[in-house]
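Only one structure is covered here, and it is reproduced in the block below.
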Number of protein chains: 2
Amino acid sequence: MIGLDKRKYEELARISKALAHATRLYIIHKLDEQEYCVKELTEMIGADISTVSKHLTILKNAGIIIDEKRGNCVYYKLQCRCVLLMFDCLTNVIDSNKNKMNAI
Amino acid sequence: MIGLDKRKYEELARISKALAHATRLYIIHKLDEQEYCVKELTEMIGADISTVSKHLTILKNAGIIIDEKRGNCVYYKLQCRCVLLMFDCLTNVIDSNKNKMNAI
DNA sequence: TGCCTATTTGGGCAAACCGCCAAATAGAGT
DNA sequence: ACTCTATTTGGCGGTTTGCCCAAATAGGCA
């Protein structure tokens, strides 16, 4: 895997890694419903607020969500709903696995 | 994030993590063209064969690829092409990021 | 200015990941 | 049985992740 190829797959992996965490997938799913601020997400998730803030930073750096400061809070929302394809992909793989299991 | 929800997102993340590596994305892309054995993939990738074998194991455990021993070699192929949605998803995100950058 | 709430940043610690090497295993072919 | 090739497994060192806590920062509002 050389040159252009390598860079291309590293770029894909960079985004991919940002998606590879249960909490971050949950955040994406929530932000698909509506925008939320850090505090609201923290309450839903039930982790330390600094932890949630870091997850949000990772998603933001990957260009998956964007933030907007309004009043006292920072609101996050999806930058592009195209990321929801991810859920279809993952769900398909899981369903496919289940079917294989049952077929045995 | 409690109970069922938590388990659901952890399951999604489990698959997602298997996808979150440049070499593994490359392997998936290659196996979409045709099946390959470990040695062939190793030559294309240019890493130690044990490293490649481990990547393949990770993908196999996630139910993304399957192996089949034939003759002297172990051949791997995609279990379900649905995983290719992943590339659409990642590519969309990357393109979307580029567009935002250019718009500035 | 000073206080208060919301958020981010830095650090420490444990766990997971990655790559290589060396050794073990599996099976084909002689 | 022996040899040779292909693959997997075990393990070590280095890097990255993820979590919490504590401290720093930012901005609204009296």
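Values in this document were obtained by computation on a predicted structure and should not be read as measured data. Order of the sequence lines fixes the chain letters, A, B, ..., with proteins taken first and strands second; residue numbering starts at 1 for each chain. For the numbers below, each heavy atom of this structure counts, side chains included, while hydrogens, waters and symmetry mates do not.
Contact annotation: side chain of A:S50 to base of D:dC21, donor-acceptor pair present below 3.5 Å. Residue-to-nucleotide contacts include a donor-acceptor pair under 3.5 Å from the side chain of B:K54 to the base of D:dG11.
In this structure, OH of B:Y36 is placed 14 Å from P of D:dT7, rounded to the nearest angstrom. Atom pair B:K39:NZ and D:dT8:P shows a separation of 14 Å (rounding to whole Å applied). A:L59 has its CG atom 12 Å from the P atom of C:dT8, to the nearest Å. Here the P atom of nucleotide C:dC18 and the CD1 atom of B:I27 are 12 Å apart, to the nearest Å. Rounded to an integer number of Å, the gap from A:I49 CD1 to D:dA23 C1' is 15 Å. Atoms CD (B:E10) and C1' (C:dA16) sit 15 Å apart, rounded to a whole Å. Taking atom CD of B:E35 as the reference point, atom C1' of D:dA6 lies 16 Å away to the nearest angstrom. What separates CG of B:L56 from C1' of D:dT9 is a distance of 14 Å, to the nearest Å.
Not counting sequence neighbours, the partners of A:D32 by the salt bridge (charged side-chain N to carboxylate O under 4.0 Å, His left out) test are A:R81.
Between A:E33 atom CD and A:I28 atom CD1 the span is 13.0 Å, to the nearest 0.5 Å.
Although no hydrogens or angles enter the test, the distance criterion places a donor-acceptor pair under 3.5 Å between the side chain of B:T57 and the main chain of B:S53. Between the A:E40 side chain and the A:C37 main chain, a donor and an acceptor come within less than 3.5 Å of each other. Remark: side-chain polar atoms of A:R24 are not paired, donor with acceptor, to backbone N or O of A:L59 under 3.5 angstrom. With hydrogens and angles disregarded, a donor-acceptor distance shorter than 3.5 Å links the side chain of A:T42 to the backbone of A:V38.
Nucleotides of DNA chain C nearest to A:C73 and B:D48 differ in position, and the one nearer the 5' end is that of A:C73.
Cluster note: B:L85 groups with A:L85 through ILVMFWY side-chain heavy atoms spaced under 4.5 Å, whether in direct contact or through intervening members.
Within 4.0 Å (heavy atoms only), B:Y76 reaches sugar-phosphate atoms of the nucleic acid but no base atom.
Close to C:dA28, at under 4.0 Å from its OP1 or OP2, lies no side-chain N or O of B:R70. Listed pair A:H21 / D:dC19 meets the phosphate criterion, a side-chain N or O lying under 4.0 Å from OP1 or OP2. Checking the phosphate oxygens (OP1, OP2) of D:dC19, a side-chain nitrogen or oxygen of A:H55 falls inside 4.0 Å. The side chain of A:T51 places an N or O atom within less than 4.0 Å of a non-bridging phosphate oxygen (OP1 or OP2) of D:dC20.
Of the listed nucleotides (C:dT7, D:dC19, D:dG28), D:dG28 has the atom at the smallest distance from the side chain of A:N72. The nucleotide whose nearest atom lies closest to any side-chain atom of B:I58 is, among C:dT7, D:dT7, C:dC18, C:dC18. For B:K69, taking side-chain heavy atoms from C-beta onward, the closest of the listed nucleotides D:dG18, C:dT9, C:dA26 is C:dA26.
Taking a 4.0 Å limit (strictly below) on heavy-atom distances, residues 61-68 of chain B does not reach DNA chain C anywhere.
Ring pair A:F87/B:Y9 is perpendicular by interplanar angle, where above 60° counts as perpendicular and below 30° as parallel.
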